[in-house]
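A short write-up of the structure that comes next.
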Amino acid sequence: MAYRWTNDLTAKDVTPEAVFLNRRQILAGLGGVAVAGMAGRARAQTLDPNSFEDITNYCNYYEFGTGKEDPARYAHMLTTQPWSIKIDGMVDNPGDYALSDIMDQMAIEERIYRFRCVEAWSMVVPWNGFELADLLNLAGVQAQAKYVAFETVYRPEEMPGTRYPVLDWPYVEGLRMDEAMHPLTLMATGIYGKPMPNQNGGPIRLVVPWKYGFKSIKSIVRITLTDTQPPTSWNKANAREYGFYSNVNPEVDHPRWSQATERPLGGGLFSRRQPTQMFNGYSEVASLYEGMDLRANF
Ligand SMILES: Nc1nc2c(c(=O)[nH]1)N[C@H]1C(S)=C(S)[C@@H](COP(=O)(O)O)O[C@H]1N2
Ligand SMILES: [Mo]
């Protein structure tokens with residue numbers, strides 16, 4: 001497993017180091033990057049990742065408690081080795097896939113993504129991982145499959161937060177097939193080149209950077225290909241507040257607060273709200289929703 005992390009990704013101008021980045025990283029990994037026509041020079045939007053400390057100590061992982069610091073305190077209780085993912089439903093090769101076998105077959109990339117929680121805070125995370133599409137192709141998606149359903153591990157004895165009926169456990173999420181297959185959609189296995197900390201969804205979690213954070217389900221043990229839209233935890237908990245799509249959208253407010261701006265984490269005293277971007281800045285996904293009313297399909 002080769003890590004190709006480089007701090008050069010935060011530089012304002014991507015200089016000759018760009019040679020070492022593959023096309024996917026240039027198009028997708030930097031999010032805000034536009035490949036300039038001039039002399040093949042790529043120009044990066046400044047996207048300074050939050051610190052490892054910030055990213056791993058301010059978390060949402062309700063299976064370990066609803067406080068932002070609960071996951072960092074309790075998630076060590078979760079056994080993450082060995083780990084396997086059951087892939088079932090409309091696939092040619094259903095079965096239990098050992099994470100170690102999956103990792104052997106995947107090229108691990110770095111992706112620096114903006115991350116926007118529905119609660120209106122945001123951060124920038126240097127994830128390591130592989131595209132969900134690569135895993136789905138390994139399993140062989142059948143033509144009739146239209147959605148992908150995900151499930152988080154559920155072990156009450158290792159997850160003190162599940163004693164409380166905050167959500168209907170296990171935590172479940174879902175994507176439409178074209179969203180799941182999009183090259184931005186990542187199965188993340190690390191942060192800053194380190195294995196994924198349990199509190200951030202170790203050993204493997206989803207990252208869908210143009211959607212609110214709760215779509216990025218943690219500690220995945222099951223992936224099911226289906227022809228019907230799967231139930232999702234937050235939608236089951238409050239359908240009026242949390243839709244299936246949950247694309248970041250500054251024009252569609254949460255019923256209880258505005259989504260027009262967000263508070264970047266880690267700014268300390270100088271923390272200022274910044275405008276929220278449509279699709280969290282990942283405008284390349286807009287074509288997936290062409291012709292859809294994004295207010296009705298929130
Ligand atoms: N299983 C599970 N996945 C989850 C959550 C959760 O409570 N349980 N919280 C979600 C929410 S609301 C957010 S904002 C992100 C937070 O990811 P982070 O803690 O790595 O920043 O995880 C998402 N995935
Ligand atoms: Mo969130």
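As the structure lists them, so they are numbered: ligands from 1, and atoms in each ligand from 1. Please read all numbers here as calculations on a predicted model, not as lab measurements.
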message: Less than 3.5 Å apart, any donor N or O on the side chain of Lys218 or Asn200 sitting next to an acceptor on the other?
response: no
task: Give a yes-or-no answer on whether the side chains of Glu158 and Thr79 include a donor-acceptor pair shorter than 3.5 Å.
output: yes
message: Closer than 3.5 angstrom, by distance alone: can the side chain of Asn249 be matched with the main-chain N or O of Glu251 as a donor-acceptor pair?
response: yes
query: When rounded to the nearest 0.5 angstrom, what distance separates CZ in Arg116 from CD in Gln277?
result: 10.5 Å
message: Please tell me whether Tyr242 and Phe214 form a close aromatic pair, meaning their ring centres lie under 6.0 Å apart.
response: yes
field: Side-chain donor/acceptor of Asn280 to backbone N/O of Trp210, under 3.5 Å
entry: no
Identify the protein atoms, limited to N or O, that lie within less than 3.5 Å of an N or O atom of ligand 1, and list each pair with its distance to 0.1 Å.
residue	atom	partner	partner atom	Å
ligand 1	1 (N)	Glu63	OE2	2.9
ligand 1	1 (N)	Thr152	OG1	2.9
ligand 1	3 (N)	Lys218	N	3.2
ligand 1	7 (O)	Tyr62	N	2.8
ligand 1	8 (N)	Glu63	OE1	2.8
ligand 1	9 (N)	Asn60	O	3.2
ligand 1	17 (O)	Arg205	NH2	3.2
ligand 1	17 (O)	Lys218	NZ	3.4
ligand 1	19 (O)	Asn60	N	3.2
ligand 1	19 (O)	Lys218	NZ	2.7
ligand 1	20 (O)	Asn200	ND2	2.9
ligand 1	20 (O)	Arg205	NH1	3.1
ligand 1	22 (O)	Arg205	NH2	3.4
ligand 1	24 (N)	Ser216	O	3.0

